[in-house]
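A short write-up of the structure that comes next.
This structure is a prediction, so every number in the text was calculated from the model and none was measured. Naming: A, B, ... by sequence-line order, numbering from 1 per chain.
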Protein chains: 2
Amino acid sequence: MPSQPTIRDVAKKAGVGIGTVSRVLNNSPKVTPATRQAVLEAISALGFRPNSVARALPRKSRIHNLGVITQPFTSFYPFAQRLRGVQFALRELDAEYEVVLYNVSSLPHYEERLRTIVRTGAVDGLIIIDLDLFDEQKQMLRDANLPFVGINHFQDRDWPCVGTNNYEGGYLATRHLIDLGHRDIAYLGDLFVDLYEFNTSYERYSGFQRAMREHNLSVPEEYVRLGFHDYQIAKEQAADLFALPKPPTAVFVMSDNQAFGCLAAAREAGLRVPQDVSIIGYDDLEISLHVNLTTVHQHLELSGRMALEYLLQVLKGEDAVVPSLPPLEITRRGTTGPVSPGRKKR
Amino acid sequence: MPSQPTIRDVAKKAGVGIGTVSRVLNNSPKVTPATRQAVLEAISALGFRPNSVARALPRKSRIHNLGVITQPFTSFYPFAQRLRGVQFALRELDAEYEVVLYNVSSLPHYEERLRTIVRTGAVDGLIIIDLDLFDEQKQMLRDANLPFVGINHFQDRDWPCVGTNNYEGGYLATRHLIDLGHRDIAYLGDLFVDLYEFNTSYERYSGFQRAMREHNLSVPEEYVRLGFHDYQIAKEQAADLFALPKPPTAVFVMSDNQAFGCLAAAREAGLRVPQDVSIIGYDDLEISLHVNLTTVHQHLELSGRMALEYLLQVLKGEDAVVPSLPPLEITRRGTTGPVSPGRKKR
DNA sequence: TTGAGGAATGGAACCGCTTCCATACCATAA
DNA sequence: TTATGGTATGGAAGCGGTTCCATTCCTCAA
């Protein structure tokens, strides 16, 4: 018997009926101790383990699963806060759903994963975080009648997304620095197109560029530093920036994680923050409060909550519209300040 | 038809057989466009959504689920790093399991959740993080033949745990401070018994006490500060500590999260770290590197990985033993240093 | 001794899908 | 016209459990 033994195998082995085995499995009181004993022995002799799927089938109230699919996460990836929003809302609303977490490590992996999810019907709804949905996949999900919602930066996609506006955020962050009197502002961020064909960095950079242009400020080529999203890499890039003959007086870093690297580079270069250099991040991670980082607040937890609420409505069969997040805002803390006169170069 | 329509309802409505409906659902090519169209219309007219459970049942290769059950998490809760260890290992080993995440918000909730998991057979294995398992539950899991493993601080429990030794960790941290010349050392941590009847804080405190005793150092009552695990609360407690007539020259804080609060309090009190006061945390979160915090490294990610590997072996039917984590070690960074002579009070 | 009632037990029916075999249908070739 | 073969389709069987009804077996009272 190479495959998993079933309840019938157990029944045969124990010399009882399948009903009795089921009763033992479910701790029904109406089983003789002796019988129970025999069944338990058969179970462990065969290494029987009930098939969870078959078990769930006859139940009136289904167990519902919600899939959350995203890139592999590190503690700095804002994902954790979004997921928390989902979980908290789930609890508050007392929704009978469990969260199944899917991490995909590449685009092909992502597409394959979606296909599997649809094929196996593993979940009843899907929250797609920081990933795009391509036409083929979208159609597949629709055909399968599987409700889904994204959390990302799309505001006008033809699929439901709780979206944030990176362009606006980049603009706001840069305006903040300009308003403080800075003129020599650098941009530090991810490569413009990441592994998942997301262009978050480019969008934030575009907002940065727009703000600079509006104020007739130029951005020397060496003030734009792009690299893989990583603390250490950001730190190195920032060190290069600070070693320039004419270093910037402020840096807009496209993520808090990278801003931490930038902060460390400033410290090592002997620069005081914000007296010598202002640094603004993007995300407003919880930890950023403790690091006292000025940053762009993008309602991470709220985005998870909103996505969940929308999905729940759809699942209930209600007509739902994707809610809009409140506007982005700057969380002012200690890493940005007015340009210091003694340091001003022009 | 109040309950969910089934594939038979769809078939009847579309005037086709159930096989055809199934074929449409599964994108089989051998369906006439006209037929497909009719079926799709019936599907959306009825609001039909395939039952994921029933769908999964007939498949040869089951979808396997691993449950991860833990307390609700914040970004500082070391849980995230543990979960990452699990996910990474899962990917590396190419294991066909998905992770189902359960957050429980109280002890009764936890017990009920376990019962539900067993009853519904929702998962094939369970990783229990930072929660104890009581006799009744343990028996229940065993009866159900549901393999489980814990990640926590138990080293000699009668159930498999990847355990860490808090007592040892507290001792090490304190020794580190004593070796640097500190004599007036405070303890800042959680209440001794938390919501889940875990006594992590007490264990670490006991290690602290032992180290102090071994060196004939006394701990004044006001040097022991306990409070709910929270940045803000820790910050307030630390502020009280620094406002004492004779403040400590070093603080052992039982978690990095609380250590961040302590650091902030020191900053606000105008104390330089480590010149005026040394601070050591516990956990070694990723972020702690960036904050340059000296702390106790407890192999968080590795613990997730080990628990997973063990569970996978058990699921394969192999005889497995729970692996031991490598010894705890101090990660020395910038927040601890020798006691500064100018400040020494005795 | 007999009948009634309760408890343990066996197993058919069923949960909602997929799969596969048999059938019906159509087009083409002879 | 008939034979052939390929394709779309219907629906029975089956996935591995739970549930419930019928049956058997006891025990106890009359």
Side-chain angles (χ1 to χ4, degrees), chain A residues 1 3-39 42-43 46-64 116 118-124 144-146, chain B residues 1 3-39 42-43 46-64 116 118-124 144-146:
Chain A
M1 197 175 312
S3 62
Q4 277 290 341
T6 76
I7 198 175
R8 275 162 244 273
D9 299 318
V10 174
K12 201 185 306 168
K13 174 117 188 170
V16 300
I18 56 167
T20 302
V21 177
S22 180
R23 261 165 241 128
V24 170
L25 288 176
N26 292 286
N27 270 310
S28 159
K30 17 183 65 185
V31 179
T32 304
T35 312
R36 177 184 303 276
Q37 186 56 30
V39 171
I43 285 179
L46 294 172
F48 167 79
R49 193 167 314 126
N51 178 323
S52 49
V53 176
R55 234 172 163 189
L57 183 52
R59 291 191 189 293
K60 50 255 131 240
S61 78
R62 298 161 52 186
I63 310 283
H64 299 279
T116 312
V118 169
R119 265 188 49 72
T120 61
V123 301
D124 305 279
N145 229 306
L146 182 65
Chain B
M1 197 175 313
S3 62
Q4 277 289 340
T6 76
I7 199 175
R8 271 165 249 273
D9 300 318
V10 174
K12 201 185 304 165
K13 173 118 186 169
V16 301
I18 55 166
T20 302
V21 176
S22 180
R23 260 165 241 128
V24 170
L25 289 176
N26 291 287
N27 271 310
S28 159
K30 16 182 65 186
V31 179
T32 304
T35 313
R36 177 184 304 274
Q37 185 57 29
V39 171
I43 286 178
L46 293 171
F48 167 79
R49 192 167 313 124
N51 179 324
S52 50
V53 176
R55 228 169 168 196
L57 183 51
R59 293 192 187 294
K60 51 259 132 233
S61 77
R62 296 163 53 188
I63 309 285
H64 299 279
T116 312
V118 170
R119 263 187 49 72
T120 60
V123 301
D124 306 280
N145 228 307
L146 183 65

Looking at B:Thr32, I'd like to know whether one of its side-chain N or O atoms comes within less than 4.0 Å of OP1 or OP2 on D:dT9.
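Yes, such a contact exists.
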Examine D:dA8: is either OP1 or OP2 under 4.0 Å from a nitrogen or oxygen in the side chain of B:Thr20? Give yes or no.
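Looking at the OP1 and OP2 atoms of D:dA8, neither is under 4.0 Å from any side-chain N or O of B:Thr20.
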A:Val21 and side-chain contact (heavy atoms from CB on, under 4.5 Å): which single residue from A:Val16, A:Val31, A:Asn26 fits?
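It is A:Val16, the one option of A:Val16, A:Val31, A:Asn26 that forms the side-chain contact (heavy atoms from CB on, under 4.5 Å) with A:Val21.
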Need one value for B:Ser22: base, sugar-phosphate or nothing, where a base atom within 4.0 Å counts as base even if backbone is also close, heavy atoms only.
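Result for B:Ser22 = base.
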From CA spacing to verdict: side chain to side chain contact (heavy atoms under 4.5 Å, CB included), B:Val24, B:Thr35
CA-CA 9 Å; B:Val24 170; B:Thr35 313; 5.7 Å; no
Roughly how many Å is it from [atom1] in [X] to [atom2] in [N], rounded to a whole number?
X        : N      : atom1 : atom2 : result
A:Asn27  : D:dT18 : CG    : P     : 12 Å
B:Leu25  : C:dT19 : CG    : P     : 12 Å
A:Lys30  : D:dT24 : NZ    : P     : 18 Å
A:Leu46  : D:dG17 : CG    : P     : 12 Å
B:Asp124 : D:dG16 : CG    : P     : 14 Å
A:Gln37  : C:dA8  : CD    : P     : 17 Å
A:Asn51  : D:dG14 : CG    : C1'   : 13 Å
A:Arg23  : D:dG16 : CZ    : P     : 20 Å

Return the minimal non-hydrogen interatomic distance between B:Arg23 and B:Lys30, and the atom names on each side.
CD-O, 4.4 Å
Check B:Phe48 against B:Ile7 and note the closest heavy-atom contact, atom names and distance.
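The pair with the smallest heavy-atom distance is CE1-N, 3.5 Å.
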For the side chain of A:Thr6, counting heavy atoms from C-beta on, which of D:dA12, C:dA12, D:dG17 is nearest?
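Given the options D:dA12, C:dA12, D:dG17, the side chain of A:Thr6 is closest to D:dG17.
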So if I take every side-chain heavy atom of B:Thr35 and compare against D:dA8, D:dC15, C:dT9, which nucleotide ends up nearest?
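Nearest listed nucleotide: D:dA8.
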Any side-chain heavy atom of A:Thr6 sitting closer than 4.5 Å to one from A:Ile18?
no
If you take atom types as modelled and just measure distance, does the side chain of A:Arg8 reach the base of C:dG11 with a donor-acceptor pair under 3.5 Å?
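Such a pair does not exist between side chain and base.
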